[in-house]
Amino acid sequence: MEARYDPARIEAKWQRYWLEQGLFAVQERADRPNYYVLEMFPYPSGRIHMGHVRNYTIGDVIARYKRMQGYNVLHPMGWDAFGMPAENAALAHNIHPAQWTMDNINYMRQQLQSLGYSYDWSRELATCDPQYYRWEQLIFIEMYRRGLAYKKLSAVNWCEQCQTVLANEQVEGGCCWRCHQPVTLREFNQWFFKITDYVEELLAYCDQLPHWPERVLTMQKNWIGKSEGAEIYFPLEEGTECIAVFTTRQDTLYGATFMSLAPEHPLALRLAQGNPQAEAVQEFVERWKQQNRSRGVLEELTKEGVFTGRYCLNPVTGWRMPIYVANFVLMEYGTGAVMAVPAHDQRDFEFAQKYQLPVVVVIQPPEQNLSAETLSAAYEADGTLVNSGPFNGLTGPEARPAIVQYLEKEGKGRPSLHYRLRDWGISRQRYWGAPIPIIYCGRCGMQTVPEADLPVVLPLDAKIPPTGGSPLAQIDTFVNTTCPVCGGPARREVDTMDTFVESSWYFLRYTCPAYREGPLDAAKVNYWLPVDQYIGGIEHAVMHLLYARFYTKVLRDLGLIQIDEPFTRLLTQGMVLKDGAKMSKSKGNVVDPNELIEEFGADTTRLFCLFAAPPERDLEWSEQGVAGSFRFLHRVWTLVYELHAQLAGVRPYSGSGTELAPGLRDLRRQVHRTIHKVTVDIESRFHFNTAIAAMMELVNELYLARDRQDMNFEAGPQAAPVWREAIDNLLLMLSPMVPHFAEELWHVLGHSTSLLLADWPSAQPEAQAAATRLVVIQINGKLRSKIEVPVTTGEDEMCQLALEDPRIKELIQGQKPKKVVVARKKLVNIVI
RNA sequence: GCGAGAGUGGCGGAAUUUGGCAGACGCGCUGGACUUAGGAUCCAGAGGGCAACCGUGGGGGUUCGAGUCCCCCCUCUCGCACCA
């Protein structure tokens, strides 16, 4: 054994050994409980960064720990390999996206392997592989058949100069990132998934995911944005038509004094026709169409509107309500029309002031008396209804259902639900993505690609046009095909799918990556799913995690799987920071994992990631902290180095401990208390930082014990087995975190099988028990003394001993205590 | 504005689950040992204050006892945001 810990010498050796022995490959088996731990797969951007290292280290510790606990553990890894950066790289470096992606995957795989992660590499998959996306195309076809995939007109960011569609992140301050010309909205016919069909289930199950962070569930609920209210019909003054509005505040209906329509509302232009206002309305609507609608700009926009010249009638008061077109009414939400209640909605209030529209107070707050004349801002909270006919005197919560009921009875409205969530637009006018398996025939219309013709392979001979535009549309050999129905000439769909589609089911495919009969092998996917523990960044709280939940439900309804939810437990790990900021190239504060591995080794890198903060918190990177983690490992190494000759061939102590000398019993107690603490910390909440701290404490105690004659090898014939037990257990506990290090020392001590096959140690309760107990003595709640008493001491006796303690006696000076409190046999508080 | 999370030494963080020794563990710091040397290793020290005492963002409360429970306020981070 070497005296010095040299990670470079041992890490590659054990990585090879694990791989050669096939220790991470798993099969379904009935004799063990199974456990599926999954980390979010990376986009192959070129290199692993510290965020990956942290994420994957957390997952690896869980995987290795669960294996030692006797679980059959699935721990796979793959590549989210489609996406725009590949196209950008293609333009910048004149390399094909496929080549660039494969090069990156090969490099990053080797990086992951150099960190010692226990992946079952035989299950590796890349989403750009036709053998992966062919099943995605098949699922698309199934969804299409059930109406879950459909086409509709939808607006996208469009750059006139580049003739291309831009993703939101390619729009910088309303301009194209490349040519800096203003971006406009342009409507295209695009593909959507009908996630809204599942909105109620997605929402309801938020309350059945007890092991997800509250934060993530709240974000998903907000994103879904369910509002309960009423749809109310306002008849036009002339004619028989009605304007439908959606409101959650039907209790303010008697205060609705005018109507606001979105500029895109179909009635907006029609109502104004033939009125003197027609021209103004036309102009207003036109101006709105040109309006830059990027965020920020919209926030600053002042509330404006224009009168259409027409009126509708408030269905309960009969008042004539002028109809306006207003720039703050969203066509996408509700019905695109809003009943305006200026007294109780701030936007309507501002609008009413600007255009001198009437204000009627219909809600009175508890201890105030509002009047329309003196109102300086809308009162939006609940209160008691006034000026509201039969509903006067009711509170908001009482009035809302009552009014809906009344409107429904009168045929003037009905209960209504609205959601913020809209259908998932999956069309991308991009090259590097999975082709959508649709064919357009001039005679037969839109047709799905026959199953036998799948996959629709993405042609690799494409050129990415530097001006943008969809590359697939320019490849005649791809576009031109024959109609599967009539055999006549037809054209292929040239849009590709959003990459979130691939990541919505990859975790299912890991269970059967080579399966050729269909997307999923039922026996395998049913054996492994759901994922027991999913780990990834908080940035995926909404999109990826919601889409994956939706897709799981769709696949369930297609009969491919049997679960309702994909991920039982979710851990969202914090960011890795340096100097208080997220690591980024532009800030120049990036730490390269390769350099760390070279200087300190993979184990130290892993250890620091686990030790510096609990997983859900942000982690502040520290050069010196890394050195400290290395120092700890070196301390353990040195200890084993000094002892290994004496421990050779010794079997670990396995008795009850009762016959041991007190010093050795103390040593064992420390070991078993550490096992208990480490196990609880990992098991209950993955707090590896405190688990590591406990092991550091144990190592500190072992160093002290080494120099004590009643604890070291001079303490008697039982000393060697007790020390052997201590060291073996320490290595077992360290092994999930620093696997190469632990494996090396494990073999140095004479074990001939891998630590991976060893069981996680169990703490003996009797070994943890001590003969005495420390009792804290307080006077009036302040710490004044401490005494050591035998564990058998009763509470009365504790009080007695406390009052007799010399220091306590001195402080109370014969005063009679008013009260003495004994808490949990740990503390005595004397009240004077 | 709405929602969620968080405020503890010079720093990262413990204790928050059952209210019971605040500052575990590590970094940095100080001193010592070994050494030609130390950015290696080992040992020791340390919240502040001379002290009584004071100390977990601030203020109140409950309690024998509060970082922990309750009320009010402040700050920071993240998410959503003209959602009717």
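Chain identifiers are assigned alphabetically (A, B, ...) following the order of the sequence lines, protein sequences preceding nucleic acid strands; residue numbering begins at 1 within each chain. This one's a predicted model, so the numbers in the text were calculated from it and none came from an experiment.
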Before you tell me yes or no, could you show the steps for A:Leu745 and A:Met1 under side-chain contact (heavy atoms from CB on, under 4.5 Å), namely the whole-Å CA-CA distance, both residues' side-chain angles and the distance that decides it to 0.1 Å? CA-CA 9 Å; A:Leu745 294 182; A:Met1 181 190 181; 3.5 Å; yes

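- To the nearest angstrom, C1' of B:G79 lies 14 Å from CG of A:Leu546.
- A gap of 9 Å separates the P atoms of B:G47 and B:G23, to the nearest Å.
- Atom CD1 in A:Ile538 sits about 11 Å away from atom P in B:C80, given to the nearest Å.
- Within a 6.0 Å sphere centred on NE2 of A:His544, other residues, nucleotides and ligands contribute more than 12 heavy atoms.
- Counting non-hydrogen atoms under 4.0 angstrom, A:Val820 reaches nothing in the nucleic acid.
- Within 90° of 0 lies the glycosidic angle of B:G9, which makes this nucleotide syn.
- In terms of position along RNA chain B, the nucleotide closest to A:Leu619 lies nearer the 5' end than the nucleotide closest to the other residue of the pair A:Tyr419 and A:Leu619.
- With respect to the salt-bridge test (charged N to carboxylate O, under 4.0 angstrom), the residues A:Arg347 and A:Asp345 qualify.
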At under 4.0 Å between heavy atoms, how does the protein contact nucleotides 32-44 of chain B? Give one character per nucleotide, 5' to 3', with B, S or -. --------SSSS-

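- Across B:C50 and B:A4, the matching C1' atoms stand 48 Å from one another, rounded to whole Å.
- A donor-acceptor pair under 3.5 Å is absent between the side-chain atoms of A:Arg635 and the main chain of A:Met696, judged by distance alone.
- In this structure, CG of A:Asn780 is placed 17 Å from P of B:A52, rounded to the nearest angstrom.
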Please tabulate, one pair per line, each protein N/O and nucleotide N/O from nucleotides 53-55 of chain B that are separated by under 3.5 Å, including the distance.
none

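- For B:U56 and B:A52, the C1' atoms lie 23 Å apart once the distance is rounded to whole Å.
- Judged by distance alone, with hydrogens and angles left aside, A:Lys303 brings a side-chain donor or acceptor within reach of the base of B:C82, the pair sitting under 3.5 Å.
- Checked against B:C83, B:C82, B:C27, the side chain of A:Arg420 finds its nearest nucleotide in B:C83.
- Checked against the 6.0 Å centroid threshold, A:Phe351 and A:Phe328 count as a close aromatic pair.
- Of all the residues in residues 211-233 of chain A, A:Arg215, A:Thr218, A:Met219, A:Ser227 reach under 4.0 Å from RNA chain B with at least one non-hydrogen atom.
- Between B:U8 and B:C76, the two C1' atoms lie 15 Å apart (nearest whole Å).
- What separates CZ of A:Phe632 from P of B:G13 is a distance of 20 Å, to the nearest Å.
- Residue A:Glu623 contributes atom CD, which lies 15 Å from atom P of B:C27 at whole-angstrom precision.
- Side-chain atoms of A:Asp348 come within 3.5 Å of backbone N or O of A:Val341 as a donor-acceptor pair.
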Given pairs defined as Watson-Crick or G-U wobble with both distances under 3.5 Å, what dot-bracket annotation applies to RNA chain B, with ( ) intrastrand, [ ] crossing, | other strand and . unpaired? (((((((..(((.......[....))).(((((.......))))).((....))..(((((..]....))))))))))))....

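- A:Asn314 contributes a side-chain N or O that, together with a main-chain N or O of A:Ala256, makes up a donor-acceptor pair within less than 3.5 Å.
- The gap from the C1' atom of B:G65 to that of B:C78 amounts to 37 Å, rounded to the nearest Å.
- B:C73 and B:G3 have their P atoms separated by 13 Å, with the value rounded to a whole Å.
- Between the P atom of B:G1 and the CD atom of A:Glu350 lies a distance of 15 Å, rounded to the nearest Å.
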Per-nucleotide protein contact string for nucleotides 17-24 of chain B (B base, S sugar-phosphate only, - none; heavy atom under 4.0 Å): BB-BB--B

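- Formation of a donor-acceptor pair under 3.5 Å by the A:Glu795 side chain with backbone atoms of A:Lys825 is not found in this model.
- Mapped onto RNA chain B by nearest heavy atom, A:Ala627 and A:Asp348 fall at different nucleotides, with A:Ala627 at the one closer to the 5' end.
- A donor-acceptor pair is defined here as one N or O able to donate and one able to accept, closer than 3.5 Å; such a pair exists between the side chain of A:His344 and the backbone of A:Tyr379.
- Proximity of a side-chain donor or acceptor of A:Asn689 to a complementary backbone N or O of A:Ala612 within less than 3.5 Å is not detected.
- With 3.5 Å as the limit, one finds a donor-acceptor pair spanning the side chains of A:Tyr233 and A:Arg414.
- Contact check on A:Asp207 versus A:Lys221 returns a salt bridge, with a Lys/Arg side-chain nitrogen under 4.0 Å from an Asp/Glu carboxylate oxygen.
- Among the heavy atoms of the strands lying under 4.0 Å from A:Val831 are primed sugar atoms or P, OP1, OP2 only; no base atom is included.
- Judged purely by atom type and a 3.5 angstrom limit, A:Asn327 has no side-chain atom pairing as donor or acceptor with the backbone of A:Lys303.
- One P atom belongs to B:G1, the other to B:G12, and the distance between them is 29 Å to the nearest Å.
- Rounded to an integer number of Å, the gap from CZ of A:Phe258 to P of B:A84 is 17 Å.
- By the side chain to side chain donor-acceptor pair (under 3.5 Å) test, A:Glu701 pairs with no residue at all, sequence neighbours left out.
- Set against B:G12, B:C64, B:A84, the side chain of A:Lys819 has B:C64 as its closest nucleotide.
- A donor-acceptor pair is defined here as one N or O able to donate and one able to accept, closer than 3.5 Å; no such pair exists between the side chain of A:Trp288 and the backbone of A:Ala262.
- At a threshold of 4.0 Å, the pair A:Arg706-A:Glu642 counts as salt-bridged, since one of the basic side-chain nitrogens sits closer than that to a carboxylate oxygen.
- B:G60 and B:A15 are spaced 25 Å apart, taking the C1' atom of each and rounding to whole Å.
- Between the CE atom of A:Met575 and the C1' atom of B:C76 there is a distance of 13 Å, rounded to whole Å.
- For A:Tyr5 and A:Phe741, the ring centers sit closer than 6.0 Å to each other.
- For the pair A:Arg249 (side chain) and A:Glu380 (backbone), a donor-acceptor distance under 3.5 Å is present.
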